[in-house]
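This is the structure I have questions about; it appears just below.
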Amino acid sequence: MTTAVENSKLQLQPEESRNVGGGTGTAVVIGGGIAGITAALVLAQVGIEPVLLEKRAGLGGRANSFYDKQQEMLVDECQHGTMRCCTTLDWLFQRLGVDGYIRYFDRLEFLDGDGIRSAIYATGLPPPFHTAVSFARFKSLTLSDKVAIGRALMSILVCPSWMVPANENMLNWLCSTHQTERAISRFWRPILVSACNEELQKISCAYGFKVFREGFLSTRTGYQFGVPTVPLSTLYSEPAIEAIRNLGGRVRTKTAVKSILFDSTNCRATGVLLQNGESISANWVVSALQCDQILRLLPTDSNASVHEWEQLAGIPLVPIMGVHLWFDRSIEIPPAIALLDRSFEWVFNRNALYPALRNSPAFLSLVISASSRFDAASREDVVALALKELGEAFPVVADAKLVHSSVVRWPKATISPSTEVHAMRSGPTTPYSNVVLAGEWTNTGWPSTMEGAAISGLNAAHYILQASGLPLPYRPGPMAPEGISRFIMHFGEWWYRRRR
Ligand SMILES: Cc1cc2nc3c(=O)[nH]c(=O)nc-3n(C[C@H](O)[C@H](O)[C@H](O)COP(=O)(O)OP(=O)(O)OC[C@H]3O[C@@H](n4cnc5c(N)ncnc54)[C@H](O)[C@@H]3O)c2cc1C
């Protein structure tokens, strides 16, 4: 099935579409993260020969692992999770043949500061009421919290995407819907800060509404939380290299690009110059880098319109911190559980997640999103806080002895999904006719996530194909609304159009 390119910015004028990039041929894709992998895969599939260049030793970009010498194992730089509603990422997993390595949880477990455990899960009721029973039983919230949350969720569901107040932040919007303090601290904040990596006052409603509409309201399974059962580098690196090569593309790791090369008009790229002095020519150049990195690859005398891109360097980036703890004995806790009322938001039990570690002593990972308040904290303090919060949440941890720990800080983990940044996100087009942008920070409609990265790679590849007059291959769309949600969403469209 061929679907139309969704982003109107991708639609080319007939004259442009004749031969913007010099027809089929070759493309250099700079950056082997999820965006670059996706772009290279799609280009290779339709016969535009890509060469994917990645400066690190393996592919995966920010979704990667390192080798812990003390424990002699691959460890994720930080735990990554996905949701069932992330259909493009799921499609990529299938293309790489690794979808079997994602374990989806149909119960989302929460543990509050009073030690009370609750869960969100679906019953037989149609969406949006599929999780209503679990919500009614959610012990960490009172009836008045739940009534306020229910009202706000209905407002989100009924609001068509074109009416979402993208210039409003989630905290202001939640206050305008009279949420209780507990509803914010135990429901809205934990879900949105984990999903968007930013505090509520800096999350545009464009992203907050999207997470709830697509994740929790419109379909029965969209909320399910997916976690890899292998290290991230195992998930992405070798499978992606093999898949791209099998389609005739090339992949070069440990290959850093120094600059993009332009012709004498400075309007068209001719290829790239590598750090080792080698140059590679191509009809197309795809930048699948983090937002501020492409500027470093442009020659200082390049096209004056580059100033349009200078704002990219100003997009605020938000940190994430991950802590890995190894103990001397096994510890029985759930595979993945969200902590309420604490600094650490999630605990992952790797022994329960990785079949290979099932019988090993405990290996637990914790995550803090939007972690700038811990920027100055020492490694020792971070580990001590993790042990304290873990011990309070699961007394069984206090009996175990810590044998090794690792703190991973990502100062520039994701872009801030703020109202200002929402207006700054661009791509895939650039001032240069054959330089195309990918990367999770581009205009994907999603916060800075693996799903956004995969969508951006597809957007870039489809732009090139469309410009080259080639047929567009299949691209997954969002999950179709189900049950009563479908009617509520139709009603919302009708109602808001009538009021305009
Ligand atoms: C700590 C952390 C936790 C996260 N948790 C989640 C999560 O739970 N769920 C989720 O969906 N998302 C999460 N994310 C976000 C997700 O990892 C990113 O959105 C996604 O991986 C970005 O992919 P990308 O391909 O756009 O960019 P990147 O992964 O940054 O890829 C860019 C690539 O370009 C390479 N590169 C840079 N310069 C050059 C050069 N000159 N030449 C060649 N190569 C170059 C880099 O090495 C890198 O591999 C997390 C991110 C971090 C950092």
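Whatever order the structure lists ligands and atoms in, that order sets their numbers, starting from 1.
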Could you tell me whether some N/O pair between Lys55 and ligand 1 is separated by less than 3.5 angstrom?
->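 Yes - when backbone and side-chain N and O of Lys55 are compared with those of ligand 1, one distance drops under 3.5 Å.
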Select the closest option to atom 45 (C) of ligand 1 among Leu274, Leu289, Leu53, judged by heavy-atom distance.
->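 Looking at heavy atoms only, Leu289 sits closest to atom 45 (C) of ligand 1.
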Counting from 1, what ligand 1 atoms have a heavy atom of Gly33 closer than 4.0 Å?
->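 The list of qualifying atoms is 25 (O), 29 (O), 31 (O), 33 (C), 49 (O).
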Near Ala413, which atoms of ligand 1 are under 4.0 Å from a heavy atom of that residue?
->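 Atoms satisfying the 4.0 Å criterion: 52 (C), 53 (C).
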Is the distance between the ring centroids of Phe348 and Trp346 less than 6.0 Å?
->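 Between Trp346 and Phe348, which both carry aromatic rings, the centre distance is below 6.0 Å.
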Would you check if there is a donor-acceptor pair between the side chains of Asp76 and Ser65 at a distance under 3.5 Å?
->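 Side chains of Ser65 and Asp76: pair found under 3.5 Å.
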Region of Cys78 that comes within reach of ligand 1 [heavy atoms, distance under 4.0 Å] =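 Side chain only.
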Has Thr255 got any heavy atom lying under 4.0 angstrom from an atom of ligand 1?
->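 Checking ligand 1 against Thr255, which is what was asked, there is a heavy-atom contact under 4.0 Å.
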Is any side-chain heavy atom of Val407 closer than 4.5 Å to a side-chain heavy atom of Met321?
->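 Yes - at least one pair of side-chain heavy atoms lies under 4.5 Å apart.
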Decide, yes or no, whether a salt bridge links Asp99 with Arg95 under the criterion of side-chain N to carboxylate O below 4.0 Å.
->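 Salt bridge between Asp99 and Arg95, a charged N being under 4.0 Å from a carboxylate O: no.
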Report the nearest protein non-hydrogen atom to atom 41 (N) of ligand 1: residue, atom name, distance rounded to 0.1 Å.
->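 Here the nearest protein heavy atom works out to Val257 O, 3.0 Å.
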Distance to 0.1 Å, residue and atom name: give those for the protein heavy atom nearest to atom 32 (C) of ligand 1.
->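 The protein heavy atom lying closest is Ala288 O, 3.4 Å.
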Under 6.0 Å between ring centres, would you say that holds for His422 and Tyr207?
->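 Yes.
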Among side-chain atoms of Glu482 and Thr219, is any donor-acceptor pair under 3.5 angstrom?
->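 Glu482 vs Thr219: no donor-acceptor pair found between side chains.
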Taking 4.0 angstrom as the limit, do Lys254 and Glu54 come out as a salt bridge?
->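 Looking at Lys254 and Glu54, the cut-off is not met.
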In the protein, what heavy atom is nearest to atom 15 (C) of ligand 1, and what distance, to one decimal place, separates them?
->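 Nearest neighbour among protein heavy atoms for atom 15 (C) of ligand 1, to 0.1 Å: Ser448 O, 3.7 Å.
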For Thr419 and Ser204, does a side-chain donor sit closer than 3.5 Å to a side-chain acceptor?
->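 No, no side-chain donor-acceptor pair sits under 3.5 Å.
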Ring centres of Phe212 and Trp188 under 6.0 Å apart?
->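 Yes - the distance between ring centres of Phe212 and Trp188 falls below the 6.0 Å cut-off.
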Kindly confirm or rule out a cation-pi arrangement of Arg84 over Tyr223, judged by NZ or CZ under 6.0 Å from the six-membered ring centre and within 45° of its axis?
->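 Not flagged: Arg84 not positioned over aromatic ring of Tyr223.
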Near-ring test Tyr104/Phe225, centroid separation under 6.0 angstrom =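 So the answer is no for these two rings.
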What's the shortest distance from atom 47 (O) of ligand 1 to any protein heavy atom, and which residue and atom give it?
->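 Heavy-atom neighbour on the protein nearest atom 47 (O) of ligand 1: Glu54 OE2, 2.7 Å.
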Step-by-step side-chain contact (heavy atoms from CB on, under 4.5 Å) determination, Phe138 to Phe110 | CA-CA 9 Å; Phe138 203 95; Phe110 296 81; 3.6 Å; yes
Closest approach of any protein heavy atom to atom 20 (C) of ligand 1, naming residue and atom =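 Result: Ala453 CB, 4.1 Å.
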Any N or O on Met450 sitting closer than 3.5 Å to an N or O of ligand 1?
->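 Yes, since at least one N or O of Met450 sits under 3.5 Å from an N or O of ligand 1.
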Quick one: does Glu440 get an N or O within less than 3.5 Å of an N or O on ligand 1?
->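 Looking only at distances, the answer is yes, because the N/O contact criterion of under 3.5 Å is met.
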Within the structure, does Ile34 bring an N/O atom to less than 3.5 angstrom of an N/O atom in ligand 1?
->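 Indeed, backbone or side chain, Ile34 has an N or O that close.
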Could you find the nearest protein heavy atom to atom 17 (O) of ligand 1 and give me its residue, atom name and distance?
->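 In this structure, atom 17 (O) of ligand 1 has His80 NE2, 2.8 Å as its nearest protein heavy atom.
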Would you check whether Gly322 reaches within less than 4.0 Å of ligand 1, judged by its heavy atoms?
->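 No heavy atom of Gly322 comes that close to ligand 1.
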Report, in ascending order of atom number, the atoms of ligand 1 lying under 4.0 Å from any heavy atom of Gly439.
->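 Per the distance check, 26 (O).
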Which residue and heavy atom of the protein sit nearest atom 2 (C) of ligand 1, plus the separation =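 Heavy-atom neighbour on the protein nearest atom 2 (C) of ligand 1: Ile320 CD1, 3.5 Å.
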Report the nearest protein non-hydrogen atom to atom 8 (O) of ligand 1: residue, atom name, distance rounded to 0.1 Å.
->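 The answer is Gly81 N, 2.9 Å.
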Nearest to atom 28 (P) of ligand 1 by heavy atom, Arg56, Arg62, Gln293: which?
->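 Among Arg56, Arg62, Gln293, the closest heavy atom to atom 28 (P) of ligand 1 comes from Arg62.
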